[in-house]
Amino acid sequence: MAQALTNPKDDFSGWYNEIVYRADLAGQSPVRGCIIVKPYGYEIWEGLKAALDKRFKATGHQNAYFPLFIPEDYLKREAQHVEGFSPELAVVTIGGGKELEERLIVRPTSETIIGEAFSEWIQSYRDLPLLINQWANVVRWEMRTRPFLRTMEFLWQEGHTAHATEADAEAETLQMLDVYADVVINEAAIPVIKGLKSDSERFAGALRTYTIEAMMGDKRALQSGTSHNLGQNFAKAFNIQYLDEGNQRQFCWTTSWGMSWRVIGGIIMTHGDEKGLRLPPRLAPIQVVIVPIYKTPEEQSAVMAAADRLKQALVGADIRVKLDAREETPGFKFNDWEMRGVPLRLEIGPRDVQNNTVVAARRDIPGREGKSFLSQDNIAAQVAALLTHLQANMLAQAAAFRDANIHDVRSYDELKQVIEAGGFARGWWKEDSEAEARIKAETQASHRCYPLEQPGGEGVNFLTGERADRVALFAKAY
RNA sequence: CGGGGUGUGGCGCAGCUGGCAGCGCGCUUCGUUUGGGACGAAGAGGUCGCCGGUUCAAAUCCGGCCACCCCGACCA
């Protein structure tokens with residue numbers, strides 16, 4: 001018997017790394033801080049990408065591509081921006097064997113170079129809004145690597161838009177936050193809380209940063225997407241101006257928003273269990289695996305013929321299916337596909353061929369509970385229905401777990417207890433960067449956001465005793 | 001960048017009181033197996049991280065270098 005997976009309850013990060021490796025999502029790279037994403041992992045990214053891109057297009061955005069290299073002085077034009085990113089920049093100083101006169105930054109994000117382009121593209125209010133997205137890799141020099149969660153180079157998309165008014169920019173920022181929430185909730189089956197970042201957690205150079213926060217299986221928070229209202233900070237730094245209807249020069253209001261392959265890490269840590277990965281059907285590269293079971297050659301040909309018919313029926317219904325014809329025992333295959341997170345397994349053996357049945361085993365419900373007999377007739381409709389239920393159930397499971405681990409706190413002691421036990425602490429909070437820093441230093445918990453959904457009314461700041469008109473979430477985070 | 005650790009077949013490791021480089025998993029072939037991680041037999045695969053030194057002889061002892069991992073400070 002092969003080595004069992006580390007139990008997430010014993011060693012969550014060890015478990016995480018093992019899944020990444022054993023489910024064949026990614027491999028180690030010869031370069032420190034980078035990973036090699038293998039086909040199975042990349043297909044999950046492609047699914048996320050497709051889900052996002054469809055929604056970007058539906059909301060009027062177009063894709064474009066900007067350079068990997070950014071002149072160093074661009075970064076410096078927005079004071080907070082450069083301050084925020086300086087420590088993690090990769091800088092090219094030599095090119096073509098010669099020291100460069102103008103050093104180049106490997107983009108950590110593209111506000112600056114896109115801002116420069118926008119300043120040329122935008123002349124008139126008729127050019128607005130300008131709605132651009134780019135799919136790209138970015139580099140942020142990291143001391144520590146965790147596959148998909150923190151790597152030196154990572155894949156993401158970054159949207160960049162320019163608007164005539166602050167209200168338009170704010171509407172765009174919130175619209176894209178909704179798009180992110182929609183994708184993560186309905187495609188990745190991860191419940192999220194939409195919220196506003198505190199001053200100290202805000203993006204370098206932004207007026208306001210919005211976030212979607214998810215709770216992982218170890219009760220830590222994962223920021224899964226961010227959307228920034230950049231105000232006129234970058235418009236002023238890069239001279240992004242337009243002539244309004246009254247022939248007056250005006251600065252644009254810009255936004256940016258990004259989501260990375262970090263969401264793959266979120267899927268692993270939200271849904272994975274002691275048997276391995278669990279993928280939501282909508283993003284699973286393989287939604288259904290068919291495992292044939294036989295002893296004799298006669299049985300094999302009968303079973304394989306039936307399995308092939310099942311496969312064709314599913315393919316015809318646009319279900320992503322794999323028939324596992326490898327020379328391994330069924331038991332091995334069961335474990336193997338469970339490790340890889342395939343949502344639904346169909347087992348078909350001689351008895352099923354005889355009875356016109358097939359055994360369906362759901363990845364979201366362990367053991368016999370998750371198994372049922374299906375008729376081979378009309379298999380595609382039955383499987384499609386099961387996958388729909390599975391998707392909904394995974395979201396429900398994750399939401400139940402999260403809701404059970406969010407606790408209201410009225411005092412600092414209560415917050416400490418919640419953080420100690422694991423979970424999100426929710427309490428009345430008046431914006432206070434110093435107090436946040438103190439909490440972080442003492443408990444490792446950071447201000448995650450002011451949820452957009454607020455209880456209303458007023459309360460007393462659990463730390464300082466001041467009056468506060470909104471609640472905030474605190475948690476340990478990735 | 002501070003503290004700790006490890007470098008030996010694809011992966012995980014043993015060997016380290018010098019003496020022909022081993023084990024488990026994986027891989028190849030054949031046979032028996034197959035409804036929850038099968039078994040047997042026969043094979044393939046390694047300049048022991050790099051450079052230098054000691055010695056008749058170095059994976060092993062000594063010196064230097066490099067790389068990676070873990071724990072802390074920073075982060076989509």
Side-chain angles (χ1 to χ4, degrees), chain A residues 1-5 11 13-14 17-18 21-22 24 27-34 83-89 107-110 136-146 148-158 180 197 200-201 203-204 209 211-214 221-228 256-266 275-276 291-297 299-300 303 324-339 345-355 357-359 361 366-368 370-371 373 437 440-441 444 446 477-478:
Chain A
M1 181 167 147
Q3 182 99 37
L5 186 67
D11 176 6
S13 62
N17 287 331
E18 246 179 81
Y21 174 68
R22 291 176 64 171
D24 231 15
Q28 288 208 306
S29 110
V31 180
R32 182 176 65 98
C34 297
E83 193 183 325
F85 280 104
S86 286
E88 40 186 325
L89 294 180
R107 64 179 165 222
T109 179
S110 303
N137 57 340
V138 288
V139 168
R140 298 178 188 179
W141 211 265
E142 294 289 350
M143 295 320 222
R144 197 88 161 261
T145 302
R146 303 206 62 194
F148 297 115
L149 296 175
R150 174 157 304 114
T151 48
M152 204 167 88
E153 177 190 19
F154 60 93
L155 297 188
W156 76 344
Q157 58 70 217
E158 46 179 322
Y180 286 156
K197 283 292 186 187
S200 56
E201 298 280 334
F203 176 74
T209 288
T211 177
I212 51 175
E213 298 284 330
L222 183 76
Q223 177 176 305
S224 309
T226 49
S227 187
H228 316 290
S256 70
W257 25 278
M259 179 171 281
S260 77
W261 69 18
R262 183 176 234 202
V263 172
I264 296 173
K275 296 186 120 182
V291 177
I293 297 157
Y294 48 80
K295 290 189 176 74
T296 65
E299 286 177 350
Q300 177 176 8
V303 165
D324 186 355
R326 287 179 298 175
E327 307 248 341
E328 300 282 358
T329 62
F332 176 89
K333 292 177 182 175
F334 295 171
N335 287 286
D336 192 39
W337 293 112
E338 281 165 0
M339 176 68 72
R345 177 178 73 240
L346 296 181
E347 311 168 8
I348 181 163
R351 293 205 292 274
D352 298 302
V353 171
Q354 201 123 57
N355 303 335
T357 55
V358 60
V359 174
R368 297 202 80 80
K371 287 199 180 190
F373 280 99
K440 192 165 185 183
Q444 290 177 41
S446 55
Y478 279 95

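Side-chain atoms are counted along with the backbone in the values below, which use heavy atoms only and exclude waters and symmetry mates. Below, chains carry the letters A, B, ... as their sequence lines are ordered, and counting in each starts from 1.
- The separation of B/G49 from B/U8, taken at their C1' atoms, amounts to 10 Å, rounded to a whole angstrom.
- Here the side chain of A/E158 pairs a donor or acceptor atom with the backbone of A/S110 at under 3.5 angstrom.
- Under the side-chain hydrogen bond (donor to acceptor under 3.5 Å, both in side chains) criterion, A/E153 pairs with A/N137, sequence neighbours left out.
- Here A/W257 contributes atom CH2 and A/W156 contributes atom CH2; the two are 11.5 Å apart, rounded to the nearest 0.5 Å.
- Regarding A/M339, its CE atom lies at a distance of 14 Å from the C1' atom of B/C25, rounded to whole Å.
- Atom C1' of nucleotide B/C39 and atom NZ of A/K295 are separated by 16 Å, given to the nearest angstrom.
- With hydrogens and angles ignored, a donor-acceptor pair under 3.5 angstrom links the side chain of A/E338 to the base of B/G36.
- In this structure, A/W261 has no side-chain hydrogen bond (donor to acceptor under 3.5 Å, both in side chains) partners at least two apart in sequence or on a different chain.
- Among the atoms of the strands shown, base atoms are found under 4.0 Å from some heavy atom of A/G349.
- Using a 4.0 Å heavy-atom criterion, one finds that A/V138 contacts no nucleic acid atom at all.
- Rounded to whole angstrom, the span from the CG atom of A/D336 across to the P atom of B/G36 amounts to 16 Å.
- Here A/F334 does not lie in a stacked arrangement on the base of B/G37, lacking the combination of planes under 30° and ring centres under 5.5 Å apart.
- Under 3.5 Å, the side chain of A/R368 and the base of B/G36 form no donor-acceptor pair of N or O atoms.
- To the nearest 0.5 Å, the span separating OH on A/Y294 from CD1 on A/I348 amounts to 12.5 Å.
- Comparing B/A76, B/G35, B/G36 by their nearest atom to the side chain of A/I293 picks out B/G35.
- Between B/U55 and B/G46, the distance separating the two C1' atoms is 25 Å to the nearest Å.
- A/R326 meets the salt bridge (Lys or Arg N to Asp or Glu O under 4.0 Å) test with A/D324, A/D336; sequence neighbours excluded.
- For the pair A/I212 CD1 and B/A76 C1', the computed distance is 12 Å after rounding to whole Å.
- Remark: the separation of the C1' atoms in B/A21 and B/U60 is 12 Å, to the nearest Å.
- If you take CG of A/D324 and P of B/G37, they are 15 Å apart, rounded to a whole angstrom.
- Using a 4.0 Å heavy-atom distance criterion, A/P350 is classed as a base contact.
- Among the protein residues, A/R345 comes within range of the nucleic acid bases, having at least one heavy atom under 4.0 Å from a base atom.
- A/T226 meets the side chain to side chain contact (heavy atoms under 4.5 Å, CB included) test with A/T209, A/T211, A/Q223, A/H228; sequence neighbours excluded.
- Remark: the separation of the P atoms in B/G18 and B/C27 is 39 Å, to the nearest Å.
- Here the side chain of A/E299 pairs a donor or acceptor atom with the backbone of A/K295 at under 3.5 angstrom.
- B/A58 and B/C1 have their P atoms separated by 36 Å, with the value rounded to a whole Å.
- Contact of the A/M339 side chain with the A/E18 side chain is not registered, since no non-hydrogen atoms from C-beta on lie closer than 4.5 Å.
- We find that OH of A/Y21 is positioned 7 Å from P of B/C11, with the value rounded to whole Å.
- Counting any heavy atom pair closer than 4.0 Å across all strands shown, A/S446 reaches no nucleic acid atom.
- Using a 4.5 Å cut-off on side-chain heavy atoms (C-beta onward), A/R262 and A/R146 make no contact.
- Phosphate contact (OP1/OP2 of B/A38, side-chain N/O of A/T329, threshold under 4.0 Å): present.
- One can find a donor-acceptor pair under 3.5 Å joining the base of B/G35 and the side-chain atoms of A/D352.
- Atom NZ in A/K333 sits about 13 Å away from atom C1' in B/A38, given to the nearest Å.
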Write out a two-atom table: protein N or O, nucleotide N or O from nucleotides 69-71 of chain B, distance below 3.5 Å.
unit_1, atom_1, unit_2, atom_2, d
B/C71, OP2, A/R144, NE, 3.3
B/C71, OP2, A/R144, NH2, 2.5

Would you sketch RNA chain B in dot-bracket for me? Only Watson-Crick or G-U wobble pairs with both distances under 3.5 Å count, crossing pairs as [ ], other-strand pairs as |, the rest as dots. ((((((((.[[[[.)...(..]]]].((((((.....)))))).....[[[[[..)....]]]]])))))))....
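- A/K371 contributes a side-chain N or O that forms a donor-acceptor pair with the base of B/G36 under 3.5 Å.
- Within 4.0 Å of A/T226, counting heavy atoms only, lies no atom of the nucleic acid at all.
- A heavy-atom distance below 4.5 Å is found between the side chains of A/L222 and A/L149.
- When rounded to the nearest whole Å, the span between CD of A/Q444 and P of B/A73 equals 7 Å.
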